[in-house]
Amino acid sequence: MHYMKKSIIYSSILLFFAGIFFVTNDAIINYLSQTNVKFYHFIFYGIPIFLCFPLYLLINGALKKNLKCTNYFPPIFRGFLNIPLPFIAFITLEQIKLPEFTTLNMTAPLMGTIFAIFLLNEKLNILTYLSLFIGFLGVLFVIQPGFESFNIYYLIVLIGVFLITVTTFIVNKYSHVATNIGYFLYGGIFVHLISIPLFLMNPLKVTLFEFFLISTAALFINSAMFFATTAFKIAQKHYASVFSLVYLQVLWSSLVGIFIFNEYMNLYAYIGAIFIVLSGIVSLPSQIKQLKEAEQ
């Protein structure tokens, strides 16, 4: 039980920082999507950053151990599911604002809860449902300003959300078949490989500033993916309550919108941001309650 308490605390901390890193990456994509940089240029120039980690593992002799799996299908299938995600991010951020993009991504905890109930047989408590409800209510408040007219790109973002939810579910459900490092490596290798032929068919020489932004984004997204993968692997039977913490990304996205892109929200959206932060706070005692119920 002591291990369970430590694991849920660690997974919550990792998801907290992963959320900040995800939003930073999305903000850079939001900027680059208005330039000539396409998603495959973005991935291609980020390959050196991604390769740093496996190269480090190769040097210290830990690469082979982390690539070994008892069942290769879950991590490899998850890796293929990751392929469309950068494409979805680029094409949708060309058409919708960053806070809208992030807010739509916040339907992931709701999908995660459905997965937890029906596929993981996870027993949720009233605080978990309350956290999800408050978070979703906050999402509705934040969505309000920019959703005056619907367009197809909102649905495309939701497809990406579904894929993200499936990838996190795979890590949690099949945590025993591979290490968290193994899931991270298999999760990124295929999307980086596919970017190479696409780049060769349409090469682009980026500016030094664009290369700096891409490298920074690559560092943040790879760190975020590793943190999130590790968090969901060690979350064990607390998948849904831990997932609630991703609502905090709306807060980070709103702050980035204000200070970087000069995008201000109205009063209703700020109320929504408060609800979203509150949902993250409520999710913490829900996790503690789960632990106490597990002891009984």
Notebook entry, point to check: Considering only heavy atoms from C-beta outward, does the side chain of L63 approach that of Y56 to under 4.5 Å?
Noted result: no

Margin query: Below 30° counts as parallel, above 60° as perpendicular, anything between as tilted: where do the rings of H176 and Y174 land?
Written below: tilted

Check: Given a cutoff of under 4.5 Å between side-chain heavy atoms of I, L, V, M, F, W and Y, with clusters grown through shared members, what are the other residues clustered with L208?
Finding: none

Notebook entry, point to check: Would you find a donor on one side and an acceptor on the other, under 3.5 Å apart, between the side chain of N222 and the backbone of A218?
Noted result: yes

Margin query: Donor-acceptor check, side chain of T35 to backbone of L32, threshold 3.5 angstrom: yes or no?
Written below: yes

Margin query: Any heavy-atom pair between the side chains of H41 and N202 that's under 4.5 Å?
Written below: yes

Notebook entry, point to check: What about the rings of F87 and F39, do their centers lie closer together than 6.0 Å?
Noted result: yes

Note to self: Testing F16, F226, F220 one by one against F21 for a ring pair (Phe, Tyr, Trp, His ring centres under 6.0 Å), which residue passes?
What the structure shows: F220

Checklist line | pair N82-M225: side-chain heavy atoms closer than 4.5 Å | finding: yes

Notebook entry, point to check: Taking the side chain as C-beta and beyond, is there a heavy-atom pair between F42 and S195 under 4.5 Å?
Noted result: no

Checklist line | Residue pair I47 / I196, side-chain heavy-atom distance below 4.5 Å | finding: yes

Item checked: Transitive ILVMFWY side-chain link Y31 to I96, under 4.5 Å -> yes

Note to self: As an exercise, state the distance from CZ of F80 to CD1 of I76, rounded to the nearest 0.5 Å.
What the structure shows: 7.5 Å

Note to self: Is it the case that the ring center of Y40 lies less than 6.0 angstrom away from the ring center of F44?
What the structure shows: no

Check: Heavy-atom distance under 4.5 Å between the side chains of V157 and I159, does that happen here?
Finding: no

Margin query: Do P74 and Y186 make a side-chain contact, defined as non-hydrogen atoms from C-beta onward lying under 4.5 Å apart?
Written below: no

Notebook entry, point to check: Do R78 and T229 get their side chains close enough for a donor-acceptor pair, meaning under 3.5 Å?
Noted result: yes

Item checked: Y153-F101 aromatic ring centre distance below 6.0 Å -> no

Next item on the list: With the side chain counted from C-beta on, respond yes when I29 and F90 share a heavy-atom pair under 4.5 Å apart, and no when they do not.
Entry: yes

Next item on the list: Please check if the side chain of E210 supplies one atom and the backbone of T207 the other of a donor-acceptor pair under 3.5 Å.
Entry: yes

